[in-house]
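The block underneath contains the structure these notes are about, expressed in structure tokens.
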Amino acid sequence: MSLNNSSKTSEILSAHFFQRADVVSIAKELIGKVLCTEFDGVLTTGQIVETEAYNGIHDKACHAHSGRFTKRTKVMYEPGGTAYIYLCYGIHHLFNIITNNEGIPDAVLIRAIEPLEGTQTMLERRKMNQKKRNLTAGPGILSQALGIKTDQNGIQLTRENGIWIEDHGLNITSNNIISGPRVGIGYAGEDALLPYRFSLRGNPWVSPAKT
DNA sequence: ATAATGATTCGCT
DNA sequence: GCGAATCATTATG
């Protein structure tokens, strides 16, 4: 989508952005980028305001910890820039971006976005009639709002094809990024304490999950 | 083949 | 604040 953005830059993040070694840096840098989907010609976009890093085989909270390789986790070993979408609690489609090179199962979970374009479509998908925080502030509901489903598991995010990420040239300084422990992974022992959750300071669209 | 379990959300008390 | 919803994946027999 490159319509009337005359002054703003708006480029799709490439494989190079995702195929780097430090998943924690990538999770931080994704704050302020724009997550876009287009299905059946319907465009919806939102600014990423909350992410979590999952540090591959060494991270007890990561589905691929200790090199676990199953039907579900095999997509995590794809090259950076691949989508990893799985069903959680039988209800919620959680959207992750695979990072690093092929064979290394690092990933970033997108936890919340601030709606930009297509909010009317998002409201319909969420069966809501008012734009408020529970439209997109949470990993399960943002997927519902953007129409992301496990159907799209394994697709490439580096083309304007279904799901992609744009850089709108926003410069977020590190003192505007809050870090803290990840949500819902108490089973991960000491790794549950790692400060791998990042959010945009003061943004009302950050998920209400307890830290 | 069977049983347990979530990287969550929503509604009700 | 608490518990139900709901099902693919995973481990185990």
For the side chain of [X], starting at C-beta, report the closest nucleotide among [options].
X        : options               : result
A:Tyr187 : B:dT8, C:dT10, B:dG6  : B:dG6
A:Asn134 : B:dG6, B:dA7, B:dC10  : B:dC10
A:Lys71  : C:dT10, B:dT8, B:dC10 : C:dT10
A:His92  : B:dT8, C:dT10, B:dA7  : B:dT8
A:Thr70  : B:dA7, C:dT10, C:dA8  : C:dT10
A:Arg72  : B:dA7, C:dT10, B:dT9  : C:dT10

Give one of base, sugar-phosphate or nothing for A:Ile91, where a contact means two heavy atoms less than 4.0 Å apart.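 A:Ile91: base contact, heavy atoms under 4.0 Å.
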
Under 4.0 Å between any heavy atoms, over every strand shown, what does A:Leu109 touch: base, sugar-phosphate, or nothing? Just pick one.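 Here A:Leu109 touches the bases of the nucleic acid.
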
Short N-O contact, A:Glu114 and A:Arg133, less than 4.0 angstrom: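 Looking at A:Glu114 and A:Arg133, the cut-off is not met.
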
Inspect the contact between A:Arg182 and A:Glu52 and indicate whether a charged nitrogen and a carboxylate oxygen are less than 4.0 angstrom apart.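 A:Arg182 and A:Glu52: not salt-bridged.
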
Using whole Å, report how far [atom1] of [X] lies from [atom2] of [N].
X        : N      : atom1 : atom2 : value
A:Leu87  : C:dT9  : CG    : C1'   : 10 Å
A:Leu142 : B:dC10 : CG    : P     : 12 Å
A:Leu94  : B:dT5  : CG    : C1'   : 15 Å
A:Leu135 : B:dC10 : CG    : P     : 10 Å
A:Tyr89  : B:dA4  : OH    : C1'   : 13 Å
A:Met76  : C:dT10 : CE    : P     : 11 Å
A:Lys149 : C:dA8  : NZ    : C1'   : 17 Å
A:His65  : B:dA7  : NE2   : C1'   : 13 Å

Are any side-chain N or O atoms of [X] and backbone N or O atoms of [Y], one a donor and one an acceptor, separated by less than 3.5 Å?
X        : Y        : answer
A:Arg126 : A:Asn134 : yes
A:Ser143 : A:His93  : yes
A:Gln47  : A:Pro115 : no
A:Gln144 : A:Arg125 : yes

Whole-Å P distance, B:dA7 and C:dG1: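 Approximately 23 Å lies between the P atom of B:dA7 and that of C:dG1.
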
Mate of C:dT9 where both pairing distances stay under 3.5 Å, Watson-Crick or G-U: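 Across all strands, the one nucleotide that pairs with C:dT9 is B:dA4.
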
In terms of the nearest nucleotide of DNA chain B, which residue is placed more toward the 5' end: A:Gly184 or A:Arg126?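 It is A:Gly184, whose closest nucleotide lies nearer the 5' terminus.
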
Pi stacking test for A:Tyr54 and B:dA7: under 5.5 Å apart, planes under 30°: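 Here the ring of A:Tyr54 and the base of B:dA7 are stacked, with centres under 5.5 Å and planes under 30°.
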
Using a distance-only criterion (donor-acceptor N/O pair, under 3.5 Å, no hydrogens), is the base of B:dA7 paired with the side chain of A:His63?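 It does, because a donor-acceptor pair links the side chain of A:His63 to the base of B:dA7 below 3.5 Å.
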
Is any side-chain N or O of A:Arg197 closer than 4.0 Å to OP1 or OP2 of B:dA7?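 No, A:Arg197 has no side-chain N/O under 4.0 Å of OP1/OP2 on B:dA7.
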
So, does A:Arg111 get its side chain near the phosphate of B:dA7, meaning an N or O under 4.0 Å from OP1 or OP2?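 Checking A:Arg111 against B:dA7: no side-chain N or O falls below 4.0 Å of OP1 or OP2.
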
